[in-house]
Amino acid sequence: MIQLHQVSKVYPERGEALRQVSLQIDRGEMAFLTGPSGAGKSTLLKIIALIERHTRGQVVVDGKNLERIGRRALPYYRRHIGFIFQDHRLLTERTVFDNVALPLVVAGVGRGEIERRVRAALDKVGLLAMERRHPRALSSGEQQRVGIARAVVHRPALLLADEPTGNLDPELSLEIMRLFEQFNRVGVTVLIASHDLMLIRSMPHRIIRLRDGRVEDSGRREAS
Amino acid sequence: MNRSRRDRRARWTAWVTAHLQAAVSSLGQLVRAPLSTLITSAVIGITLCLPAALYFALEDLSRALSGLDREQSVSLYLRREVTLEQARALAGHLQTQPGVGSVSLIDADTALEQFRRQSGYDQALALLEENPLPHVLVVTPLQRLDPSGIEALQKRLAGLPEVELAQYDLLWIQRLDAILAVARRATTLVSALLAIAVLVIVGNTIRVAIDQRRDEIVIGKLFGATDAFMRRPFLYAGAGYGLFAGVIACILLGLGELLLQGPVTRVSGLYQSGFRLGWIDPGNLLSLLLSGLLLGLIGAWFTVVRRLREIEPQ
Ligand SMILES: Nc1ncnc2c1ncn2[C@@H]1O[C@H](COP(=O)(O)OP(=O)(O)OP(=O)(O)O)[C@@H](O)[C@H]1O
Ligand SMILES: [Mg+2]
């Protein structure tokens, strides 16, 4: 699903944030990305979501070479991805329903279909009763679940999450991770950046370790 | 085949729905902040109505002028000592001259009477001990002459011993035409400047609106919104401001006509012209609404294209 070949990222102000990173993540796989602060976890996710462009090397996602995706094709590429942020990034002026509906609205999905899919997504994260509320009236864990519902409502093939449990207590964190496992079980490829070693070690998934912009451990015996 | 047609229909429906939604939501946003919408639209409306009033008035004036009797003639103001009989004789003599079509005599008493009736200076005129006006002969050429021809005729007639002053009557119309041409050019210039002002006002308003919805734009882009999708509500907002401003400009023109029609009619009456302000005219109002809409759309377009490109997810 994701192939990185000798990928480097240079921020002009800072220098190399990623150095010749080579990785492969299979379709339907669930993997964690970990490493100390500044290791380049967020940068890697942003490159895959085309929020940042890589400087050298090659990135292929779902068979598409990212260098070939120009400005016009970018929105359509992003419709195959669900992105989850540590700080939720919900629109505070909009209801939970409208927040979750956004990826469908921008893709021009019809009203009836939107209602059906938003309710299904909210149901999966256990927030069906709160669709009329505003994000500010929700707890941090609930807000994160709204963010997850938004990230899966358009049924993306790839789910990327940057510190999705960063602000949550251990119990809530586990609950969120279980949710990701559920999506993974129905075939979604999931890549999660997380500091929370305790939590991710307790789960039976691949752990990729970055340090200083290099892959320290690809988490795969056969890949070394 | 049937299927592809159904697909196309579905896509078309989705497209129309998307536009309707964008239009309704933009309109909703304008209505939700009625005061600022009203102020912005009023500023644009005033900016629109000024050149429109000038332009429409000039058009009417040109039309009124082209409708005037443009028969060429030379008026001969005779010397005071020339008697009515001598004037008649001169008229008869001129009648026989080559190139002269007709000669009519306006004797001094009739002229004074006419002037008294039209000007309303009854009392002042009553103070005069004698009629200050001379007899006048109006000479019309046999056929239409070009400006140099009529000037030659005027020169020739001015040389007659009985004639104090020979005046070519179309001169004032020519002068007015020239003045109108200047006014028209100036109006075009003013319109262009004010159109730019409208573009700037709309552009700035839309820029503020975009900045207020920055988060929404970032999230939208992150989840696959196209530029066209993101542009749409702001373009509708720009068009909305423009259209609303057009309505306000129409109302202002209406008020202006109401206030100015009286005095204007009085002035044009003095010139024996049927000229009236014709601002309130379906064609005028429609073109005002359309220019408002277009300027709003264009002003929004310039800002939106540039600004949305700058806002990217981080
Ligand atoms: N937009 C940017 N401009 C310049 N430098 C940046 C930018 N984004 C990240 N960096 C730098 O790149 C390096 C990697 O950053 P990144 O955010 O990927 O780290 P991270 O592993 O996600 O860290 P954390 O665990 O703190 O989130 C850091 O040194 C950071 O300062
Ligand atoms: Mg990070």
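The structure presented is a predicted model; accordingly, all values stated were derived computationally and were not measured. Chain identifiers are assigned alphabetically (A, B, ...) following the order of the sequence lines, protein sequences preceding nucleic acid strands; residue numbering begins at 1 within each chain.
B:E59 has its side chain out of reach of B:R184: every pair of non-hydrogen atoms, C-beta onward, lies at least 4.5 Å apart. By the 4.5 Å heavy-atom criterion applied to side chains, A:H5 and A:Q20 are not counted as neighbours. Annotation: side chain of B:L222 is in contact with side chain of A:F85 (closest heavy-atom distance under 4.5 Å).
For chain A, no part of B:R232 is nearby; none of its heavy atoms comes within less than 4.5 Å. Using a 4.5 Å cut-off between heavy atoms, B:E312 touches chain A through its side chain atoms alone. Contacts between A:V109 and chain B at a heavy-atom distance below 4.5 Å are absent for every atom of the residue.
Residues satisfying the side chain to side chain donor-acceptor pair (under 3.5 Å) criterion with A:R117, sequence neighbours excluded, are A:E113.
Annotation: cation-pi pair A:K9/A:Y11 present, NZ/CZ under 6.0 Å from the ring centroid and within 45° of its normal. Annotation: cation-pi geometry satisfied between A:R132 and A:F97 (NZ/CZ under 6.0 angstrom from ring centroid, within 45° of ring axis).
Distance alone, capped at 3.5 Å, places no donor-acceptor pair between the A:D212 side chain and the A:R214 backbone. Judged purely by atom type and a 3.5 angstrom limit, A:R19 has no side-chain atom pairing as donor or acceptor with the backbone of A:G213. A:Q24 places no side-chain N or O within donor-acceptor distance of the main-chain N or O of A:L4, the cut-off being under 3.5 Å. Side chain of A:Q144 to main chain of A:I176: no donor-acceptor pair is present (N/O by atom type, distance under 3.5 Å, no hydrogens or angles). Distance alone, capped at 3.5 Å, places no donor-acceptor pair between the B:K221 side chain and the B:M230 backbone.
Taking 4.5 Å as the heavy-atom cut-off, none of the residues of residues 177-195 of chain A approach chain B. Using a 4.5 Å cut-off between non-hydrogen atoms, the part of residues 147-154 of chain A that approaches chain B consists of A:R150, A:A151, A:H154. Of all residues spanning residues 40-77 of chain A, those with a heavy atom less than 4.5 Å away from chain B's heavy atoms are A:K46, A:I51, A:R71, A:P75, A:Y76, arranged by number.
The greatest number of non-hydrogen atom pairs below 4.5 Å with chain B, out of A:P103, A:A107, A:G110, A:P156, is found for A:P103.
The pair A:E142-A:R133 fails the salt-bridge criterion, with no side-chain N (NZ, NE, NH1 or NH2) lying under 4.0 Å from an Asp/Glu carboxylate O. Taking the charged nitrogens against the carboxylate oxygens, B:R207 and B:D211 do have a contact shorter than 4.0 Å, which makes a salt bridge. Using a 4.0 Å cut-off between charged nitrogen and carboxylate oxygen, B:E216 and A:R94 count as a salt-bridge pair.
Under the 6.0 Å cut-off for aromatic ring centres, B:Y236 and B:F234 do not qualify, their centroids lying 6.0 Å or more apart.
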